[in-house]
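The analysis underlying the following values was restricted to heavy atoms, covering all of them including side chains, and did not include hydrogens, waters or symmetry mates. For reference, positions follow the sequence shown, starting with 1. Every number for a ligand or one of its atoms is a count from 1 in the order of the listing.
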Amino acid sequence: MKLDVSRPDLVVGVIGTGAMGRGIAQVAAAGGINVLMTDARPGAAAEARDFIGKMLERAAEKGQMTKEDAAASTGRITIVDSHKNMQPCHVVIEAIVENLDAKRALFAELEDIVTPDCIMVSNTSSMSVTTIGAKLKTPQRFAGFHFFNPVPLMKLVEVISGLLTEEWVCDALMALGKRMTREPVRLTDAPGFLVNQVGRGFSLEACHMVQEGVSNFADVDRVMRDVGGFRMGPFELMELTGLDVTQPASVLIYNQFFQEQRYRPSLIMQSRYEAGVLGRKTKKGFYNYDTSGKDLKAIVPPEKPAPAARPESVWVSKAEPEGSNKLVELLGKLGVTVEQGAQPSSKALILVTPIGEDATTAATSQGLDPKRVVAVDTLFPMVKRRTIMTTPLTDPAMRDAAHGLLASDGVPVTVCRDSPGFIAQRIIAMIVNIGCSIAQNRTASPADIDKAVTLGLNYPNGPFKFADVLGVKNIHRILDTMNKTYADPRYRPNIWLTRRAKLGVSVLTEET
Ligand code: NAI
């Protein structure tokens, strides 16, 4: 390695001291590193240092560090007039405006200012690292170093090698990331890098399903929280980030992948983006907001109360033995005796438990009366919430009877319209599919993908863990069936996933 980042006199430069630059400077200084900091706007770097000083003082008050360490960390930050003063730096981190020309102009000047072995990195969140570095005289020492907002709280940093980046540069950045108390993950340049690619699976599939009329924003959020185990539903998350960030990022990733359909943007996002209905920041988004109190409160449409209706009799299809067994067991706990006949009696509510199939296909392929068919999602534990769906012909009385029955122990039930994969099956299958595509493209290793996704997105599991928990064959089946149902390449299973499903092995299995 040409640079020993553990050296006590290490100097890191930070250019651009906005939301990201100040966070990066803070964690570097707290990691015992000397920091030179600059910003094009006069006074901005000084403001940033004051801000960092306060943040570190607060950390000391909370007992996260000693008062002396906090003061010493702030003392390690020196403000300089411009990037022209970055000559002493061993590494320079750029966190200026997200504009290719501005970044290229900065690095073109910088490479003549710093020493030949100084590493130059960009914190870009959306541009190709190879593209930014392409015009440099020394692109081999240029890389991506992608932090997450707010930096002091988000441990993940993506270390991204461009096409021309030399190995030692990323080795040094991995070590530097650790010294800055981060959890670095190594990857090769790709649109959306790693975390932002996976995030498309969550947000875009949710939008596509609402656009299709399967469900609504609030119900999708409820299902993804209670059934999928996510801390926030996709729409809540987009409300927080703002569609001014999410929509352009989605369009960019889609186009950078040459219109790869897996990343196809959504009209639901686009129209809101254009109308300025961006989320919390505009006090109107997928949800309306109550602005009367001190804190902005989302007005969440209440759930329809569970109907009092119960079915006269219940028959459960055995076409999916695992799902059928789980459902019969649950119905037993609810005090229901399930019909034993090979066919349902003439008045029975017919329950099916498809994986990746819609209720219509389950009904027609099994020769069942679609007016009495209700599908139940049994792939997930039916403990906090249950999801059911109907065919276009399902009698509302049958739907209500199924709803009432499955909610009779107080567990809420979400009813959605016909959908291959209900709500959670299809969103999680998309997350897995994108994770597998990242591994197949050798952008990052499966273990690193899971690590990055849990740290950077706070998902309950990374894509690979989700696949192993829910079953690789099940995930493959969901995607394969969706692909056939819609005839839309958006849903085609990635070859990484297909091979491992065929071989009956974990998706974590890597080729030697
Ligand atoms: P910001 O707008 O808060 O800060 C940018 C700062 O750079 C401003 O203080 C501005 O005065 C300064 N600046 C602009 N041009 C400059 C130049 N030529 N030389 C020196 N200073 C200059 O922006 P933010 O959010 O901190 O983003 C910075 C970079 O980090 C962008 O590339 C962005 O894509 C990336 N990023 C942002 C994330 C976020 O959530 N905000 C997350 C990860 C990466």
Can Arg500 be said to sit on top of Trp496's aromatic six-ring, NZ or CZ under 6.0 Å from centre and within 45° of the ring axis?
yes
Ring centres under 6.0 angstrom apart (Phe145, Phe147)
yes
Between the side chains of Arg222 and Glu303, is the shortest nitrogen-to-carboxylate-oxygen separation below 4.0 Å, so that they form an ion pair?
yes
Are Glu61 and Lys67 close enough for a salt bridge, meaning some N to O gap below 4.0 Å?
no
Taking the inter-plane angle between the rings of Phe235 and Phe286 on a 0 to 90° scale, is it parallel (under 30°), tilted (30 to 60°) or perpendicular (over 60°)?
perpendicular
Tell me whether the rings of His146 and Phe148 are parallel (<30°), tilted (30 to 60°) or perpendicular (>60°).
tilted
Close-range residues for ligand 1, whose non-hydrogen atoms fall below the 4.0 Å threshold:
Ile15, Gly16, Gly18, Ala19, Met20, Asp39, Ala40, Arg41, Ala95, Ile96, Val97, Glu98, Lys103, Asn123, Thr124, Ser125, His146, Phe147, Asn149
